[in-house]
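In what follows, chains carry the letters A, B, and so on, assigned in the order in which the sequence lines appear, proteins first and then strands, with residues in each chain numbered from 1. Nothing here was measured: the structure is a model prediction, and the numbers come from that model. Both backbone and side-chain heavy atoms feed into the values below; hydrogens, waters and symmetry mates do not.
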Amino acid sequence: MAHAPDFDEYLKTLGRLTSHVDPTASTPEAEHIAAATAGLGELMVTDVAGLAAWVRENPGDVPVLGLAIGLSQEKLKNVLRDRFDTSGWHGLARQRPVELITWLDEEFDLVRMLTAQMDRTYTFADILVARAGTRLTATRAGASGRRIEDHIEDIARDLGLDYVTRSRFSGRNGRTAPADLIVGDPNAPDIVVAAKGFDSTGSKLTDAVREIEEMAEVRLPRQLVLAVIDGIGWKSRQADLRRIHQLWVDRQIDGMYTLVTLDRFRADVTEFARLRRLI
DNA sequence: AGCGTTACGACGCACTCGTG
DNA sequence: CACGAGTGCGTCGTAACGCT
């Protein structure tokens, strides 16, 4: 076995793994979108009935309608699962096309968005703005994540509890784990809370579960561990959600709440805090 | 004070695999 | 084999922190 090289030497040998993609190059996906858009342009009338007939014939083009109303493929899947209990747009477009289009129109103003945008003339700036679109979503992502944290922080402040947010706490054998809200001294806290809200999916949801499992492992029996979990992203990641729920069933954690059941969270925290004479 | 770096939180998408 | 569910890696922004 070779001797471990100096860290900086190792650093120097790191190389780039991905190749640059020419944004003007054509791709199969681009061809598909272009063909679907052309098909839309040939529709005699753009209304709910016309679009329903169109998606029934072109079920694979539903994501193009999604793009027109500002839904990425991922967001489209998530709202469909939330509304229709499935993320499969092929089946929906073929079996319930009128229902699908009617809902997209009511919820996202599909017909108006489509007619307004199809007739527009676009500039170079419009193209660059569209390419930068993912930045906007990252901003919104941060905001939605903060929403749950803010709610539980409000409750802690309202109850007059001593707390810190987004930090680590100590439990068994001096081990530490992360938590979004820690009541009391982080070195020996009374209550720790995890807040995980996702409207989209991704391995980050698995990371969130790992984090809560870590909290459950590190906790002392006398410490109250609660989790506030919400967002439609979990509907597409049910295996992960189930793992958290199982921790609750097994009493590894003491409570699990969504935003609509936060009044119970408040009641549970209040009761525990009184018992410990924290308030 | 201003600037750059790091840690963290969330979204986006492609790929795999099971199933009818 | 087409479709849908599940899973892992990549992209992006903000806040906190440390250095000059």
Report the distance from atom CD of A:E211 to atom P of B:dA10, rounded to the nearest whole Å.
9 Å
Side-chain N or O of A:T86 closer than 4.0 Å to phosphate OP1/OP2 of C:dA5:
yes
May I ask you to say what A:R81 touches in the nucleic acid, namely base, sugar-phosphate or nothing, with a heavy-atom cut-off under 4.0 Å?
sugar-phosphate
Nearest whole angstrom, please: distance from the P of C:dC3 to the CZ of A:F84.
18 Å
Residue pair A:R168/A:L205 against DNA chain B: nearer the 5' end by closest nucleotide is A:R168
Point-to-point distance, once rounded to the nearest 0.5 Å, from CG of A:D240 to CG of A:L205
6.0 Å
Let me know the distance between CD of A:Q238 and P of C:dG4, rounded to the nearest Å.
16 Å
So, does A:H90 get its side chain near the phosphate of C:dG4, meaning an N or O under 4.0 Å from OP1 or OP2?
yes
How many Å lie between NZ on A:K235 and C1' on C:dT7, as a whole number?
20 Å
Check: protein-nucleotides 13-20 of chain B nitrogen or oxygen pairs below 3.5 Å:
| residue | atom | partner | partner atom | Å |
| --- | --- | --- | --- | --- |
| B:dC13 | OP2 | A:Q73 | N | 3.2 |

If we ignore hydrogens and angles and just use 3.5 Å, is the side chain of A:D126 paired with the main-chain N or O of A:T123 as donor and acceptor?
yes
Rounded to the nearest 0.5 Å, what separates atom CG in A:D263 from atom OH in A:Y257?
10.5 Å
In Å, rounded to the nearest 0.5 Å, how long is the span from CG of A:D180 to OG1 of A:T165?
8.5 Å
Salt-bridge present (A:R219, A:D254; N to O < 4.0 Å)
yes
Check the distance between B:dC8's C1' and A:D207's CG and give it to me in whole angstrom.
11 Å
Working to the nearest 0.5 angstrom, can you tell me the gap between A:Q117 CD and A:M113 CE?
5.0 Å
Under 4.0 Å, heavy atoms only, any strand: does A:G233 hit a base, just the sugar-phosphate, or nothing?
nothing
Would one find more than 12 heavy atoms of other residues, nucleotides or ligands at under 6.0 Å from atom CZ of A:R274?
no
Does C:dA5 have OP1 or OP2 under 4.0 Å away from a side-chain N or O of A:S87?
yes
Distance check needed: C:dA5 P versus A:W234 CH2, whole Å only.
18 Å
Rounded interatomic separation in angstrom, taking CG from A:D82 and P from C:dA5:
14 Å
Given A:R175, A:R172, A:R168, the one that forms salt bridge (charged side-chain N to carboxylate O under 4.0 Å, His left out) with A:E214
A:R168
N/O donor-acceptor pair under 3.5 Å between A:N58 side chain and A:W54 backbone:
yes
Atom CG of A:D180 and atom C1' of C:dA15: how far apart are they, to the nearest Å?
15 Å
So which of residues 239-250 of chain A are in contact with DNA chain C, with a heavy-atom cut-off of under 4.0 Å?
A:A239
